[in-house]
Amino acid sequence: MKLDGAEIRSIVRTPDGRGVRILDQRKLPWEVLWVELRSAADAARAIREMWTRGAPLIGVTGAYGLAMALAEDPSDASLAAAYAMLVETRPTAVNLRWALDEVRTAVAPLAPAARAGAAFVRAEAIADEDVALNHAIGVHGLDLLRHLSAANPGRPLNILTHCNPGWLATVAYGTATAPIYLAHDAGIDLHVWVDETRPRNQGALLTAFELANHGVPHTVIADNAGGLLMARGQVDAVIVGTDRVTANGDVCNKIGTYLKALAAHDCGVPFYVAMSYTTIDRGTPSGDVVPIEDRDGDELALLAGPAGDGAIGTVRVTASPAYNPAFDVTPARLVTGYLTEQGLLTEI
Ligand SMILES: CSC[C@H]1O[C@H](OP(=O)(O)O)[C@H](O)[C@@H]1O
């Protein structure tokens, strides 16, 4: 994603190397605000309050959080406390636990004095690997989109996506958006239907922001419009990201994904899930046992945005109690294929 004409990473080390800088995604697209995280507690708060979000990106943020904890206190007790604090911030995305385990495994055998440096090295490697993995997903996805475009000549290829499986959910490129960026840059005529993705509107606010900055034609739609568009033949493929794919191929992703998959299945629209190996959880047999994060009902009841004077305000859209599960589970039987760094897989 370009910002001010330059391609950015959504998380970078601070100049002194002891912290990280992230985009505060709660402010986008209205304000581009970089904030510094200087401790494990900062990282935990940023993940929990969704300053930064997206399965791969919260994994990287958690990894750096562990490194910052060890820079402060490299003891076993500090490592255990920081791990426990970070891993419980968001329970559904497997990347968080995976990345924390990677750092803990790398540093636990080391003498305390060597731990912080090794933790930052591992965290940085996870971040760099995420960029490479997502680009590889994009390369394989480009082949898929070329094929779909050739099968639908003379008009834009219409892709529907849900939530933000994008540059802002990862260190760069995104997962489901990687093929879109590479296809657009390769001159393939495509258009993206962007699910607004209630209640936090990651699509309308973040995916739309990303695509607009990259010059990708797109249209924001209500979450409930996707079924009509598919029934009308206006969607050539659905490509979503994921927070966890279980051993049997079930897909945990933003709430509403399952409904899109049902509509796609009923309309004969291919439904692809983009992810790297870091989001595959072979230790969990199926999606029905994955913890689904329930978030505060006010995320649903309150709508935020700029008022007339440009200041960000909120309006309350209901006076009733609100229930806000953040994810759902799409059974493997509804998935056409898994777009990974190894290519397009039909099973996990
Ligand atoms: C690269 S896919 C990221 C995945 O994470 C999002 O969830 P959240 O915004 O709550 O972190 C959404 O489920 C995306 O598909």
Side-chain angles (χ1 to χ4, degrees), residues 1 25-26 28-29 50 53-57 92-93 141 145 148 156-170 174-181 183-184 190-214 216-243 251-275 292-293 295 299-300 303-305 317 322 324-330 334-336 339:
M1 177 183 76
Q25 298 190 26
R26 299 172 303 170
L28 291 172
M50 294 179 70
R53 30 76 41 211
L57 185 53
T92 306
L145 296 188
L148 289 172
L157 185 66
N158 286 305
I159 307 292
L160 184 145
T161 192
H162 189 69
C163 197
N164 173 246
W167 208 290
L168 291 167
T170 65
T175 53
T177 58
I180 292 169
Y181 289 128
H184 171 78
L190 65 80
H191 165 268
V192 183
W193 295 114
V194 176
D195 272 359
E196 63 176 340
T197 316
R198 292 281 291 138
R200 288 190 67 113
N201 294 339
Q202 288 95 324
L205 298 174
L206 302 178
T207 303
F209 175 72
E210 288 190 27
L211 297 177
N213 274 286
H214 206 91
V216 178
H218 63 283
T219 307
V220 175
I221 56 174
D223 294 326
N224 296 327
L228 174 67
L229 294 173
M230 291 187 223
R232 284 177 174 169
Q234 291 178 267
V235 179
D236 298 304
V238 177
I239 311 179
V240 299
T242 178
D243 295 82
V251 174
C252 301
N253 197 47
K254 186 52 54 200
I255 193 79
T257 304
Y258 174 43
L259 295 177
K260 288 294 144 27
L262 285 172
H265 185 72
D266 188 59
C267 297
V269 173
F271 184 90
Y272 298 104
V273 180
M275 81 280 179
I292 298 296
E293 177 186 6
R295 292 189 65 90
E299 286 188 0
L300 188 157
L303 207 50
V317 297
N324 180 20
F327 300 96
D328 61 22
V329 178
T330 298
L334 296 177
V335 178
T336 307
L339 200 44

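Positions are given from 1 along the sequence.
Checked by atom type, the side-chain pair Thr242/Asn253 shows no donor-acceptor distance below 3.5 Å. Using a 3.5 Å distance cut-off with no hydrogens or angles, the side chains of Arg53 and Gln25 do pair a donor with an acceptor.
Arg198 and Glu196 are not joined by a salt bridge, as no carboxylate oxygen comes within less than 4.0 angstrom of a charged side-chain nitrogen.
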- Item | Residue pair Leu190, Val216: steps toward the side-chain contact (heavy atoms from CB on, under 4.5 Å) verdict | CA-CA 8 Å; Leu190 65 80; Val216 178; 3.8 Å; yes
- Message: Run Phe209 and Asn164 through side-chain contact (heavy atoms from CB on, under 4.5 Å) and show every step you take.
- Response: CA-CA 10 Å; Phe209 175 72; Asn164 173 246; over 6 Å; no
- Query: Yes or no on side-chain contact (heavy atoms from CB on, under 4.5 Å) for Phe271 and Thr330, after CA distance, side-chain angles and deciding distance?
  - Reply: CA-CA 11 Å; Phe271 184 90; Thr330 298; 4.3 Å; yes
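For the atom pair Glu210 CD and Met1 CE, the distance stands at 5.5 Å (nearest 0.5 Å). Annotation: the span from Tyr272 atom OH to Thr175 atom OG1 amounts to 15.5 Å, rounded to 0.5 Å. Here the CD1-CD1 distance, from Ile255 to Ile292, works out to 7.5 Å after rounding to the nearest 0.5 Å. Taken to the nearest 0.5 Å, the NE2 atom of His162 stands 4.5 Å off from the OG1 atom of Thr197. The distance from atom CG of Asp236 to atom NE2 of His191, rounded to the nearest 0.5 Å, is 11.5 Å. Distance check: Thr170 OG1 to Leu168 CG gives 8.0 Å after rounding to the nearest 0.5 Å.
Taking the six-membered ring where the residue is Trp, His214 and Tyr181 present tilted rings, their angle falling between 30° and 60°.
Checked options Leu228, Leu160, Leu157; the residue passing with Val235 is Leu160 (criterion: side chain to side chain contact (heavy atoms under 4.5 Å, CB included)).
For residues 254-273, the pairs satisfying salt bridge (Lys or Arg N to Asp or Glu O under 4.0 Å) are Asp195-Lys260, with sequence neighbours left out.
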